[in-house]
Amino acid sequence: MFKKFAVAAVALATTLSLAACGGGGGDAGSGGGGGEQQKTIGLAVANQQADFFNQIRQSVEAAAKEQNVKVVVADAKGDSNTQVSQIQDFITQQVDAIIYIPAGATAATVPVRAAKSANIPIVAVDRNPEGAPGNTFIATDSVAAAKELGEWVGKTVNGQGKLGVIQGQIGTTPEQARDEGFKAGLAQFPGIQEVARQASQQWAQDEGYQIATDMIQANPGINIFFGRADALALGAAQAVRNAGVEGATIVGFDGDKAGLEAVKNGTLAATVTQPTQAMGKLALESAIKLANGEDVPAEQLQDGVLTTKENVDGFIANHP
């Protein structure tokens, strides 16, 4: 069994090395210098097809170039078991630290425990494995941001309506936090009734479309949708258009490129813009500090910003 895994790890290491040379996460270029050895940071991305995760990756790599740090990227493509193997490969390579964006809740604790056993610090981003947290956790304060979003929705619909919630992956940190915050925001609006909720598996637009379509068929009076991610909300918007539902209020969360454009053109009523660029930079800085034996706060929550037509242009021009 070990021999089989070792062969797979060597093959994956070769693939990652080639990807790094191709520009995804290679040497950070000239700069720095002196006698200090260049740090190598492993970046485990949940799914690079998602704009949110891709923006964090780009920010990490940009910060790494400025600090003469090598970043090796592994994309789990949404599969937690693949990610377990990828992080084990980082451990085999003896990277100095790992930036970890878990690909869901399943098996999310395994990489953290394995890395800590090898004395490699973990910076958890967006999702913090329950029971095995990273050395530091960086994310948007989704409870506070979702609460503000819920209050905004309640006021926008004058406290009346039927709500459908399209959830993210069950058990993940952002799903739990956004649920808690949104419920708190709607608590003062008893005239808004949640009539349906269903979880997605990959936070994907096609899932949002199918889930919202089913909700509309089962609840013809539904007129509010909260997609826990912009992609889910955009899928709901498509379902609403196809079903001929008039006057629906659809909101998302993330502030990714497609979501911001949808707010600008009125497809979505609002979203929450997460500071992906700041989070990526902070993740890289935290990884370096941990690799150097410095102390880093256990939790580093960032502010999410309620985004509507009134302020969306600024985020499209310059994403935080």
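Note that the structure is a prediction, hence the values are computed from the model and not measured. Along the sequence shown, residues are numbered consecutively beginning with 1.
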Which atom of Pro129 lies closest to which atom of Val112, heavy atoms considered = CG-CG2, 3.9 Å

task = Mark yes or no for whether Asp126, through its side chain, and Ile101, through its backbone, hold a donor-acceptor pair below 3.5 Å.
result = no

message = Could you tell me if the side chain of Thr173 sits less than 4.5 Å from the side chain of Phe137, heavy atoms only?
response = yes

Whether Asn265 side chain and Glu261 backbone form a donor-acceptor pair below 3.5 Å = yes

task = State whether the side chain of Asp254 and the backbone N or O of Asp256 hold a donor-acceptor pair below 3.5 Å, judged by distance alone.
result = no

query = Trp152, Ile250: one ILVMFWY side-chain cluster at the under-4.5 Å cut-off?
reply = no

query = Under the 3.5 angstrom rule, does the side chain of Asp141 hit a backbone N or O of Leu301 as a donor-acceptor pair?
reply = no

inquiry  = Are Val251 and Ile222 connected into the same hydrophobic cluster when the rule is that any two of I, L, V, M, F, W, Y join if their side-chain heavy atoms are below 4.5 Å apart?
reply    = no

inquiry  = Is it the case that over 12 heavy atoms from other parts of the model lie below 6.0 angstrom from the NZ atom of Lys116?
reply    = yes

key: Cation-aromatic face contact Arg228/Phe253, 6.0 Å, 45 degrees   = no

inquiry  = Are Val240 and Ile211 linked, directly or through intermediate hydrophobic residues, by side-chain heavy-atom contacts shorter than 4.5 Å (ILVMFWY only)?
reply    = yes

Euclidean distance, Ile288 CD1 relative to Glu285 CD, rounded to 0.5 Å = 7.5 Å

key: Donor-acceptor contact present, side-chain Asn219 to main-chain Gly221, <3.5 Å   = no

inquiry  = Less than 4.5 Å apart, side chain to side chain, heavy atoms only: is that true for Ile224 and Lys162?
reply    = no

remark   = Rounded to the nearest 0.5 angstrom, the CD1-CD distance for Ile41 and Gln38 is 10.0 Å

request  = Determine whether Val312 and Phe52 fall in the same hydrophobic cluster, where Ile, Leu, Val, Met, Phe, Trp and Tyr are linked whenever their side-chain heavy atoms lie under 4.5 Å apart.
outcome  = no

query = Got a second to check how far Phe90's CZ is from Ile99's CD1, nearest 0.5 Å?
reply = 9.5 Å

key: For Asp303 against Thr140, the heavy-atom pair lying closest together   = C-CG2, 4.3 Å

ask   = Are Glu194 and Arg197 ion-paired here, with the side-chain N under 4.0 Å from a carboxylate O?
value = yes

Rounded distance (nearest 0.5 Å) linking atom CD of Gln193 with atom CG of Leu186 = 12.5 Å

task = May I ask you to check whether over 12 heavy atoms, not counting those of Gln188, lie within 6.0 Å of atom CD?
result = yes

task = Output the distance between atom CG (Asn47) and atom CH2 (Trp203), rounded to the nearest 0.5 Å.
result = 12.5 Å

message = One pair to check against side chain to side chain contact (heavy atoms under 4.5 Å, CB included): Gln49 and Gln202. What are the steps and the verdict?
response = CA-CA 11 Å; Gln49 290 184 327; Gln202 296 292 339; over 6 Å; no

message = Using a 3.5 Å distance criterion without hydrogens, assess whether the side chain of Asp179 forms a donor-acceptor pair with backbone atoms of Glu175.
response = no

request  = Measure the CG-CZ distance between Leu163 and Phe226 for me, rounded to the nearest 0.5 Å.
outcome  = 9.0 Å

query = What is the minimum heavy-atom distance between Glu151 and Gly185, and which atoms define it?
reply = CG-O, 3.5 Å

query = Hey, is the main chain of Leu306 close enough, under 3.5 Å, to the side chain of Asn311 for a donor-acceptor pair?
reply = yes

Glu246 atom CD, neighbour heavy-atom count above 12 within 6.0 Å = no

request  = Answer yes or no: is there a donor N or O on one side and an acceptor on the other, between the side chain of Gln274 and the main chain of Val272, under 3.5 Å?
outcome  = no

Side-chain heavy-atom pair Phe225, Ile216 within 4.5 angstrom cut-off = yes

inquiry  = Quick one: does any side-chain atom of Thr136 pair with a main-chain N or O of Pro297 as donor and acceptor, under 3.5 Å?
reply    = yes

query = Do side-chain atoms of Asp75 reach the backbone of Lys77 as a donor and acceptor pair under 3.5 angstrom?
reply = yes

request  = Please assess Gln238 against Thr267 for the test side chain to side chain contact (heavy atoms under 4.5 Å, CB included), listing each intermediate value before the final yes or no.
outcome  = CA-CA 9 Å; Gln238 182 183 357; Thr267 301; over 6 Å; no

